[in-house]
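Report on one structure; see the data block that follows.
All values below were derived from every heavy atom in this structure, side-chain atoms included, with hydrogens, water molecules and symmetry-related copies excluded.
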Amino acid sequence: MSASISPSDQQLAQQLITLTEAGLPLVADPWAWIAERMQLSVDDTLALLQRLQDSGAIRRIAAVPNHYRLGYTFNGMTVWDVDDAQIDRLGEIVGNLHFVSHCYRRPRLPGWRYNLFAMVHGKNAEQIEYERNLIRDQLGAACRADTMLVSSRILKKTGLRLATQRQEK
């Protein structure tokens with residue numbers, strides 16, 4: 001399959017973004033809902049999504065839960081100073097822990113020694129400290145230091161908003 005999208009795909013992509021920028025609809029079959037509004041078949045809609053993903057226009061389609069509404073009001077970005085020679089292997093292990101919502105490598109900066117980040121969520125401070133200890137166990141001797149940056153409030157949590165930007169111009 002081609003990694004590019006056609007001009008007609010670009011028009012459909014804009015329509016798709018407008019329909020889904022607030023998230024997928026909470027209906028039994030969101031793909032059918034989208035297809036009906038785009039006047040496409042479900043198969044054609046899914047094929048368009050696949051082409052957009054293959055081209056890199058869409059990186060992923062995923063649920064983004066609001067942790068606060070689910071009762072997970074304690075959130076901590078755990079940061080780790082991990083041996084660079086082992087960070088890829090260990091980052092994959094940490095990223096696969098069920099309580100880590102996202103995990104990534106960042107470059108070290110002057111005055112900032114941490115190179116591995118892993119976000120954990122819990123219903124109380126003890127839970128996220130427990131999870132942090134589980135991560136520490138996985139990293140073992142490859143970890144030289146760590147700390148946790150605890151969230152105090154949500155600053156922004158939205159997806160792509162193109163239609164709103166067009167209206168503001």
Side-chain angles (χ1 to χ4, degrees), residues 3 13 16-31 33-34 46 48-165 168:
L16 179 68
I17 290 167
T18 300
L19 281 170
T20 60
E21 65 184 2
L24 291 176
L26 295 176
V27 297
D29 189 346
W31 309 122
W33 184 92
I34 294 168
L46 294 175
L48 172 64
L49 286 166
Q50 186 65 59
R51 287 193 302 277
L52 293 171
Q53 191 166 16
D54 291 345
S55 73
I58 294 175
R59 283 189 294 172
R60 65 185 174 123
I61 298 171
V64 180
N66 183 326
H67 297 96
Y68 286 88
R69 286 188 176 181
L70 295 172
Y72 292 88
T73 56
F74 287 81
N75 306 294
M77 177 59 78
T78 61
V79 294
W80 308 88
D81 176 7
V82 176
D83 179 359
D84 289 327
Q86 299 185 58
I87 192 168
D88 290 339
R89 178 182 63 82
L90 292 170
E92 190 166 331
I93 290 170
V94 171
N96 284 322
L97 294 172
H98 69 89
F99 53 84
V100 172
S101 64
H102 49 287
C103 177
Y104 47 90
R105 180 182 189 172
R106 287 268 171 101
R108 299 175 199 279
L109 299 172
W112 184 257
R113 65 190 295 180
Y114 305 104
N115 59 348
L116 181 66
F117 293 62
M119 188 74 182
V120 297
H121 307 274
K123 295 185 177 182
N124 55 54
E126 293 77 23
Q127 183 179 359
I128 61 174
E129 188 59 39
Y130 175 76
E131 292 169 344
R132 180 177 169 200
N133 285 329
L134 293 176
I135 294 172
R136 190 178 291 118
D137 290 344
Q138 292 295 319
L139 297 175
C143 178
R144 296 181 283 249
D146 71 282
T147 192
M148 182 161 53
L149 313 170
V150 179
S151 302
S152 59
R153 63 186 175 132
I154 298 174
L155 298 176
K156 180 182 177 193
K157 193 165 197 151
T158 62
L160 181 64
R161 299 281 192 267
L162 292 180
T164 304
Q165 292 173 357
E168 292 174 353

field: Distance-minimising heavy-atom pair for L16 and T20
entry: O-OG1, 2.8 Å

field: Over 12 non-hydrogen atoms of neighbours within 6.0 angstrom of OH in Y104
entry: yes

- line: Rounded to the nearest 0.5 angstrom, the CZ-CD distance for R136 and E129 is 6.5 Å

message: How long is the straight-line distance from CG of L149 back to OG1 of T147, given to the nearest 0.5 Å?
response: 6.0 Å

message: Treating N115 as the side-chain partner and V82 as the backbone partner, does any N or O pair qualify as donor plus acceptor under 3.5 Å?
response: yes

message: Strictly distance-based, threshold 3.5 Å: is any side-chain N or O of T78 a donor or acceptor partner for the main-chain N or O of R132?
response: no

- request: Can you measure from CG (L139) to CG (D146) and round to the nearest 0.5 angstrom?
  value: 8.5 Å

- prompt: Considering residues at least two apart in sequence or located in another chain, which fulfil the side chain to side chain donor-acceptor pair (under 3.5 Å) criterion with R144?
  reply: D81

task: Could I get the full list of ring pair (Phe, Tyr, Trp, His ring centres under 6.0 Å) partners for Y114, not counting sequence neighbours?
output: W112

- line: side chain to side chain donor-acceptor pair (under 3.5 Å) filter on S101, not counting sequence neighbours, yields H121

Only pairs under 3.5 Å count here: list side-chain donor-acceptor contacts from residues 88-97, not counting sequence neighbours, and write none if there are none.
{"residue": "D88", "atom": "OD1", "partner": "R105", "partner atom": "NH1", "Å": "3.4"}
{"residue": "R89", "atom": "NH2", "partner": "Q86", "partner atom": "OE1", "Å": "2.8"}
{"residue": "N96", "atom": "ND2", "partner": "E92", "partner atom": "O", "Å": "3.0"}

field: From Y72 atom OH to N124 atom CG, the distance as rounded to the nearest 0.5 Å
entry: 10.5 Å

- request: Output the distance between atom CG (L19) and atom CH2 (W33), rounded to the nearest 0.5 Å.
  value: 5.0 Å

Validation row: L49, Q53 side chains within 4.5 angstrom (heavy atoms): no

task: Go through I135 and F99 one step at a time and tell me if the side chain to side chain contact (heavy atoms under 4.5 Å, CB included) criterion holds.
output: CA-CA 10 Å; I135 294 172; F99 53 84; 3.9 Å; yes

- request: Mind checking side-chain contact (heavy atoms from CB on, under 4.5 Å) for R59 and listing every partner two or more places apart, or none if nothing turns up?
  value: none

- request: Write down the atom of V100, the atom of A118, and the distance for their closest heavy-atom approach.
  value: CG1-CB, 4.0 Å

- request: Could I get the full list of side-chain contact (heavy atoms from CB on, under 4.5 Å) partners for Y68, not counting sequence neighbours?
  value: N66, T73, N75, S151, I154

query: Within a reach of under 6.0 Å around CG of L26, are more than 12 heavy atoms found that belong to other residues, nucleotides or ligands?
result: no

field: Any donor-acceptor N/O pair, Q127 side chain to K123 backbone, under 3.5 Å
entry: yes

Heavy-atom check, side chain of V79 versus side chain of M77, under 4.5 Å: yes

